[in-house]
Number of protein chains: 2
Amino acid sequence: MANTSPAIEDYLKTIHAHTEWQPEPITPSVLATRLAVAPSSVTEMVKKLAAQGLVTHQPYGAIRLTDAGLSRALGVVRRHRLVETWLVSDMGYGWDAVHDEAEVLEHAISDRLLEAIDAHLGRPARDPHGDPIPQADGSIVSVPTVLLSEAPAGHAGTVVRISDRDPQLLRRLAACGIRPGVLVTLSGDTLDGPDGTAVELDADGREAIWLTT
Amino acid sequence: MANTSPAIEDYLKTIHAHTEWQPEPITPSVLATRLAVAPSSVTEMVKKLAAQGLVTHQPYGAIRLTDAGLSRALGVVRRHRLVETWLVSDMGYGWDAVHDEAEVLEHAISDRLLEAIDAHLGRPARDPHGDPIPQADGSIVSVPTVLLSEAPAGHAGTVVRISDRDPQLLRRLAACGIRPGVLVTLSGDTLDGPDGTAVELDADGREAIWLTT
DNA sequence: GCTCGGATTTAGGGATACCGAAATACCCGC
DNA sequence: GCGGGTATTTCGGTATCCCTAAATCCGAGC
């Protein structure tokens with residue numbers, strides 16, 4: 001039953017991504033939107049995942065990963081984030097440009113190559129966006145963070161994580177020097193960086209950046 | 001018409017590999033054996049390739065790449081060999097262990113990443129087995145060679161290329177220090193390397209090694 | 001409590017790429 | 001020149017993953 005495929009991995013990864021930073025389980029329609037497939041495709045695939053014991057799902061109910069499903073999902077996330085880190089460290093990719101390439105490679109890399117890349121990079125704990133890289137045993141090194149949209153006015157902290165969902169936002173932030181590790185201060189809708197740099201962020205932007213508490 | 005898929009790429013690559021070192025066009029049954037698929041699958045896929053103008057094929061006739069098909073095949077070969085070279089140079093793979101990994105990655109790498117790897121490696125002309133790496137423009141740097149089974153008794157030369165088809169043979173040769181670039185002498189069925197090393201080769205082994213003339 | 005609209009599932013198909021079995025074409029040896 | 005065996009193709013089917021259109025469910029608001 002070690003059945004897998006790029007499609008299955010993408011479903012598990014997307015289900016996991018939804019709960020990584022908030023607790024509500026994902027619904028079929030959200031899953032369909034994120035994967036850019038029709039809702040009926042989700043119904044079908046979720047049925048298959050449930051049959052393999054990777055998710056729990058009652059008709060018309062929410063979708064939740066089982067322990068087995070979570071473990072598979074973390075494996076995919078690990079691949080994705082190590083590939084991203086490798087592309088930036090070794091191949092000269094900008095950290096705003098690695099997502100699509102990693103999306104494909106995460107399904108193509110053997111365990112052996114994954115291990116070689118991990119060793120080569122010195123077993124990093126975070127990828128270029130600040131996302132934690134699950135370790136081979138499934139454990140995750142975490143840091144306490146606040147989402148920008150939930151931070152109090154005037155909050156100052158180090159950028160820990162920036163969601164890689166919107167490449168355009170990533171490029172805008174990269175241009176202003178806002179990246180993981182940089183110290184910033186929130187004033188209203190504007191984020192002040194070092195050397196007087198500042199970016200104004202809309203609601204989506206404030207949902208995409210996490211600072212240290 | 002930029003239709004492609006891993007399956008199509010594998011067919012084109014395999015058709016090309018058959019004619020790379022000898023002129024006879026490949027037959028459907030040989031193609032089926034090399035790809036480990038049923039003959040009927042080959043008929044079907046070849047029909048599709050012919051419809052896309054990538055091969056010429058009359059029913060019951062031989063299969064030949066068109067110019068368009070050759071160009072696509074060379075693209076796949078380039079990917080494969082650059083990936084092999086990268087795995088050996090950067091990731092600590094043995095040159096006898098890279099084939100299977102490259103077989104998968106060759107279908108997953110974007111043009112942009114391919115270019116980055118090529119630049120990173122210093123635009124190599126040959127992969128770890130001595131196979132020429134087609135350049136981005138499709139040109140190939142070639143060296144005059146003799147196949148061991150066609151070399152006269154006592155012939156001495158530098159190992160230029162070793163077929164990567166049989167991993168066990170590759171491991172045996174690696175253990176004896178026989179690899180591309182090494183000076184050897186053929187005596188009967190035995191190949192003498194430097195420092196008194198020697199390997200006895202069967203008919204298949206003598207079909208897998210090329211020396212300088 | 002009922003209804004209506006959005007979310008979800010069911011039903012019926014399509015594309016890709018594979019298979020085994022059965023039919024057919026080809027060619028070698030006599 | 002004719003078998004007969006092998007190579008090749010045809011035919012009907014399978015598995016995966018996707019789609020659209022048509023039910024059906026569910027819960028929010030009246």
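By convention in this document, chain letters (A, B, ...) are assigned in the order of the sequence lines, proteins followed by strands, and residues within each chain are numbered from 1. Predicted, not measured: the structure shown is a model, and the values here were computed from it.
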Provide a list of protein-nucleic acid N or O atom pairs under 3.5 angstrom, restricted to nucleotides 10-13 of chain D.
{"from": "dT10(D)", "atom 1": "OP2", "to": "Lys47(B)", "atom 2": "NZ", "distance (Å)": "2.9"}

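With sequence neighbours excluded, the residues forming a side chain to side chain donor-acceptor pair (under 3.5 Å) with Ser139(A) are Asp137(A), listed by chain and number. Shown here are the side chain to side chain donor-acceptor pair (under 3.5 Å) partners of Ser187(B), two or more places apart in sequence or in another chain: Asp192(B). Listed by chain and number, the residues in a salt bridge (charged side-chain N to carboxylate O under 4.0 Å, His left out) with Arg171(B) are Asp96(B) (sequence neighbours excluded). Ser110(B) pairs by the side chain to side chain donor-acceptor pair (under 3.5 Å) definition with Glu101(A), not counting sequence neighbours. In terms of the side chain to side chain donor-acceptor pair (under 3.5 Å) criterion, His16(A) has no residue partners (sequence neighbours excluded).
Put simply, chain B comes within 4.0 Å of DNA chain C, heavy atom to any atom, from dT16(C) to dC26(C), going 5' to 3'.
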If you look only at distance, which donor and acceptor atoms sit under 3.5 Å apart when one is on a side chain in residues 111-128 of chain B and the other is two or more places apart or in another chain?
{"from": "Asp111(B)", "atom 1": "OD1", "to": "Arg79(B)", "atom 2": "NH2", "distance (Å)": "2.6"}
{"from": "Glu115(B)", "atom 1": "OE1", "to": "Arg123(B)", "atom 2": "NH1", "distance (Å)": "3.3"}
{"from": "Glu115(B)", "atom 1": "OE2", "to": "Arg123(B)", "atom 2": "NH2", "distance (Å)": "2.7"}
{"from": "Asp118(B)", "atom 1": "OD2", "to": "Arg78(B)", "atom 2": "NH2", "distance (Å)": "3.1"}
{"from": "Asp118(B)", "atom 1": "OD2", "to": "Arg123(B)", "atom 2": "NH1", "distance (Å)": "2.7"}
{"from": "His120(B)", "atom 1": "NE2", "to": "Asp90(B)", "atom 2": "OD2", "distance (Å)": "2.7"}
{"from": "Arg126(B)", "atom 1": "NH1", "to": "Gly130(B)", "atom 2": "O", "distance (Å)": "2.1"}
{"from": "Asp127(B)", "atom 1": "OD1", "to": "His129(B)", "atom 2": "N", "distance (Å)": "2.7"}
{"from": "Asp127(B)", "atom 1": "OD1", "to": "Gly130(B)", "atom 2": "N", "distance (Å)": "3.1"}
{"from": "Asp127(B)", "atom 1": "OD1", "to": "Asp131(B)", "atom 2": "N", "distance (Å)": "3.0"}

Enumerate donor-acceptor pairs with a distance under 3.5 Å from any side-chain N or O in residues 28-41 of chain B to protein atoms, sequence neighbours excluded.
{"from": "Ser29(B)", "atom 1": "OG", "to": "Thr27(B)", "atom 2": "OG1", "distance (Å)": "3.4"}
{"from": "Thr33(B)", "atom 1": "OG1", "to": "Ser29(B)", "atom 2": "O", "distance (Å)": "3.0"}

Under 3.5 Å, which donor-acceptor pairs link side chains of residues 205-213 of chain B to any protein atom two or more places apart or in another chain?
{"from": "Arg206(B)", "atom 1": "NH1", "to": "Asp189(B)", "atom 2": "OD1", "distance (Å)": "3.4"}
{"from": "Arg206(B)", "atom 1": "NH1", "to": "Leu201(B)", "atom 2": "O", "distance (Å)": "2.8"}
{"from": "Glu207(B)", "atom 1": "OE2", "to": "Ser149(B)", "atom 2": "OG", "distance (Å)": "3.4"}
{"from": "Thr212(B)", "atom 1": "OG1", "to": "Thr158(B)", "atom 2": "N", "distance (Å)": "2.9"}

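As judged by a 4.0 angstrom heavy-atom cut-off over every strand, Ala38(B) is placed among residues touching the sugar-phosphate backbone only. Nucleic acid contact for Ala36(B): sugar-phosphate only, since backbone atoms but no base atoms lie under 4.0 Å from a heavy atom of the residue.
For DNA chain C, the neighbouring residues in residues 5-19 of chain B, judged by any heavy atom under 4.0 Å, are Ser5(B), Ala7(B), Tyr11(B).
In terms of position along DNA chain C, the nucleotide closest to Val42(A) lies nearer the 5' end than the nucleotide closest to the other residue of the pair Val42(A) and Lys48(B).
Partner Ile133(A) forms a side-chain contact (heavy atoms from CB on, under 4.5 Å) with one of Ile140(A), Val141(A), Thr85(A) and no other, that one being Thr85(A).
Sorted by first and then second residue, the pairs that involve residues 45-81 of chain B and meet ring-ring contact (aromatic ring centres under 6.0 Å, His included), not counting sequence neighbours, are His80(B)-His99(B).
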